[in-house]
Amino acid sequence: MNDADTIAAVATPPGRGGVGIVRISGPKAVEAARRIVGVVPPARTAIYRRFHDRAGHEIDDGIALYFPSPNSFTGEDVLELQGHGGPVVLDMLMAALGEIGIRPARPGEFSERAFLNDKLDLAQAEAVADLIDSASEAAARAALNSLHGEFSHRVTAMVDALIELRMYVEAAIDFPEEEVDFLADSGIATRLHDIEQKLQQTLASARQGTLLRDGMNLVIAGRPNAGKSSLLNALAGTDAAIVTDVPGTTRDVLRERIEIDGLPIHVIDTAGIRDSDDVVEQEGIRRTWREVERADRLLLVMDAREPMHVEDQQLLARIPPRLPVTLLHNKIDLLERDIPDDVDAERAELWISARTGARLDRLREHLKNAVGYQPTGQGTFSARRRHLDALFRAERHLLDARERLEKSRAGELVAEELRLAQNALAEITGAFSSDDLLGRIFSSFCIGK
C-alpha cells in the first residue's frame, strides 16, 4: 500500500476512564515517538515516559509501545500511547500529533490498511468489528474463529478448486488440437459436485454465523388483549411492558433482546390491531405494520378460548407472503377443556400460557428450529448478509455450470459460469472486490480499528 499519510485515533471508548489509548500508524510514527515521548521505544517493549507537545509542555505520562513495519497490525510503523483516560488529555495528545502532520483516522482505517497490506483478508477484517460488537459469548467465539481464518480457509479452498477446474476446461477450449474432450470426462462432473458439496456445507455454517451476528427480528402482533405484552415479559424475564385488562394498553413499539441457547432474538411487541377512531392508537397500529414489514418472523397471538377472529384472518391476509408466521393460542391456563396438542411444525401453531409460562419451552425450541439454528460448536464462524449473498450467487453459478455441462454441453458457457462463481467467492475475502464495497464495509467500523 502506497500511502504517505500517517493516521492517529483514540482507540478507547469515548468518555472518562482509567486508561486512554492513542494509536498512530504510518511513516511518521517514529517522528511522533521522538517528538512526544522523547525516544523511539525498543520494538514491542513497553516503556514509561512523559508525553510532551511541540512546545515542550507536558501533556501526560504513561506507556509507549512501538511496533515497526511490517510486524504490526496494519503492516506499517505503529506507535501506541497509553495514558490516562480523560477526554481533555486525549484531545491534547491528538492536537500534538496534528502539529507534526498526523491526521485523524477515518472509521475503520486501521483495519482497512491491515487489509490493503495483506495482514488480514476482508472476512478477517470484518471479524474484528464483529468481535467488538458481539452481543453473546457464542457470537464472540464465532467472530474469533473468523478472525483466525476459519471462514477464509474454507472459501480459499473452494476458490482454488474452481481455478483448477477452470484451467482444465479452458485449456480444452483454447487447445482443441490436443483433443481433450472434457465434456466426455466424468471427472469434471465429479469435481464440480465436490465443490458444490463444500459450498453447501459452508453456506449452512454461514447461515448460523449470520444468525449469531444479526439475530432474528421477532414481531408479536394480534388483537388487543390477546396477551402480547404478557408474552414479551415472559420471554424477556422482566416486566418490560405494562399489562392490564384494558384493551389497547400498548400504544407504541416495545423492544427487548433475549437469547435462546446463544441465538440473539430481537423481540418487538406492537400495538393491538383493530379498527379505532383514536388518533394515538391509529399511529401505534401504523407502526405495528411498519415492524411487520421488517420482521424475520411473526408471532400472531390469539385468545385460546375463542376461535380465530375475523380481524385475525384479515391480519393474516395483509402479511407479506415471504414472512413466516407462527400462530400462538395464548391463555391456555383459562381453558375449561383439555389443552390441544401442538399442531405439527409445518403449520407452526402452538398453545401456550404467557402468564404461567406453560409450554414456553416449546415456543423457544420452535423458534430455534424455524431458523435452522443449532447450538454452536468449535467450527462455527461469524458471517454477514453480504457473505450469504456471495455464497448464494456462487451456488447459482455452479448450478448453471452443471446445466451447461449436462444439457447444453457448451464448454465456453461452463467456463464462464465457473469464473463467475469464483469471483463471487473471492468477494468474501476481498481478493475480488470494488473500491465502493471496501468503502462501505470499513466506514461501518469504529474509529481506532
- Ion pair present between Glu417 and Arg402, side-chain N to carboxylate O less than 4.0 angstrom? no

- May I ask you to test the Ile163-Met167 pair for a side-chain heavy-atom distance under 4.5 Å? yes

- Ile63 and Ile47, any side-chain heavy atoms less than 4.5 Å apart: no

- Query: If you count the non-hydrogen atoms of other residues, nucleotides and ligands that lie under 6.0 Å from CD in Glu137, is the total more than 12?
  - Reply: no

- Message: A side-chain contact here means heavy atoms from C-beta on lying under 4.5 Å apart; do Thr45 and Tyr66 qualify?
- Response: no

- Query: Is there a side chain to side chain donor-acceptor pair (under 3.5 Å) between Ser146 and Ser382 once you walk through the steps?
  - Reply: CA-CA 6 Å; Ser146 280; Ser382 65; 3.2 Å; yes

- Item | Main-chain N/O of Leu122 paired with Thr429 side-chain donor or acceptor, under 3.5 Å | no

- Contact check, side chains of Arg297 and Met216, non-hydrogen atoms, under 4.5 Å: yes

- Message: For a quick check under 3.5 Å, do Ser134 and Arg213 share a side-chain donor-acceptor pair by atom type?
- Response: no

- Query: Can you find a heavy atom in the side chain of Val219 that is under 4.5 Å from one in the side chain of Asp269?
  - Reply: no

- Using atom types as modelled and distance alone, determine if a side-chain donor or acceptor of Asn330 lies under 3.5 Å from a backbone N or O of Ala226. yes

- Does Glu365 pair with Arg362 as a salt bridge, N-O distance under 4.0 Å? no

- Query: How long is the span from the CD1 atom in Ile352 to the CZ atom in Arg359, to the nearest 0.5 Å?
  - Reply: 10.5 Å

- Message: Quick check: closest heavy atoms across Ile195 and Met158, and the distance to 0.1 Å?
- Response: O-SD, 4.4 Å

- Expected output: side-chain Lys119 to main-chain Pro70 donor-acceptor under 3.5 Å: yes

- Query: So, are Asp214 and Arg385 salt-bridged, with charged N and O less than 4.0 Å apart?
  - Reply: yes

- Query: So, do Phe151 and Thr202 sit near enough that their side-chain heavy atoms are less than 4.5 Å apart?
  - Reply: yes

- Does a salt bridge link Asp261 with Lys368, judged by any charged N lying under 4.0 Å from a carboxylate O? yes

- Query: Counting N and O atoms only, with roles assigned by atom type, does the side chain of Thr156 sit under 3.5 Å from a partner on the main chain of Ser152, one being a donor and the other an acceptor?
  - Reply: yes

- Side-chain donor-acceptor contact under 3.5 Å, Glu58 with His52: no

- Would you indicate whether the side-chain heavy atoms of Phe51 and Asp61 approach each other to under 4.5 Å? no

- Item | Rounded distance [0.5 Å steps], NZ in Lys228 versus CG in Leu231 | 10.0 Å

- Item | Side-chain donor-acceptor pair present, Ser25, Glu76, cut-off under 3.5 Å | yes

- Item | Gln201 side chain vs Lys198 backbone, donor-acceptor pair below 3.5 Å | no

- Does any N or O in the side chain of Glu109 come within less than 3.5 Å of the main-chain N or O of Arg106, such that one atom is a donor and the other an acceptor? yes

- Query: Can you tell me how far CG of Leu367 sits from CG of Asp296, rounded to the nearest 0.5 angstrom?
  - Reply: 11.5 Å

- Query: For the residue pair Ala221 and Leu298, what are the closest heavy atoms and their distance?
  - Reply: CB-CD1, 3.6 Å

- Task: Work out which heavy atom in Val40 is nearest to a heavy atom in Ala33; give both atom names and the distance.
- Result: CA-CB, 4.1 Å

- Query: Going by an N to O cut-off under 4.0 Å, is there a salt bridge joining Glu259 and Arg257?
  - Reply: yes

- Message: So that I can tick it off, tell me whether Glu416 and Arg166 are bridged by a salt bridge, with the cut-off set at under 4.0 angstrom between side-chain N and carboxylate O.
- Response: no

- Query: Where the side chain of Asn117 meets the backbone of Gly75, is there a donor-acceptor pair that is under 3.5 Å apart?
  - Reply: no

- Beyond-backbone contact of Leu405 with Ile188, side-chain heavy atoms, under 4.5 angstrom: yes

- Item | Identified side-chain contact (heavy atoms from CB on, under 4.5 Å) counterpart of Tyr373 within the set Ile260, Leu263, Ile265 | Leu263

- Query: So, the side chain of Lys28 versus the backbone of Ile102: is there a donor-acceptor pair under 3.5 Å, distance only?
  - Reply: no

- Polar side-chain atom of His387 near backbone of Ala383 as donor-acceptor pair, under 3.5 Å: no

- Query: If you round to the nearest 0.5 Å, how far is CD1 of Ile220 from OG1 of Thr326?
  - Reply: 11.5 Å

- Message: Tell me the closest heavy-atom pair linking Arg384 and Thr210, and the distance in Å.
- Response: O-OG1, 3.8 Å

- Item | Residues Arg386 and Glu126 bridged, charged N to O under 4.0 Å | yes

- Please round to the nearest 0.5 Å and tell me the distance separating atom CG of Asn145 and atom CG of Asp130. 12.0 Å

- State plainly whether the residues Arg404 and Asp400 are in salt-bridge range, i.e. N to O under 4.0 Å. no

- Quick one: CG on Asp53 to CD1 on Ile59, what's the gap to the nearest 0.5 Å? 5.0 Å

- Provide the closest heavy-atom pair for Val89 versus His84 in the form atom of the first, atom of the second, distance. CG1-O, 4.1 Å

- Task: Of all the heavy-atom pairs spanning Leu212 and Gly262, show the shortest one and how long it is.
- Result: CD2-O, 3.4 Å

- Task: May I ask you to check whether Phe381 and His148 place their ring centers less than 6.0 Å from one another?
- Result: no

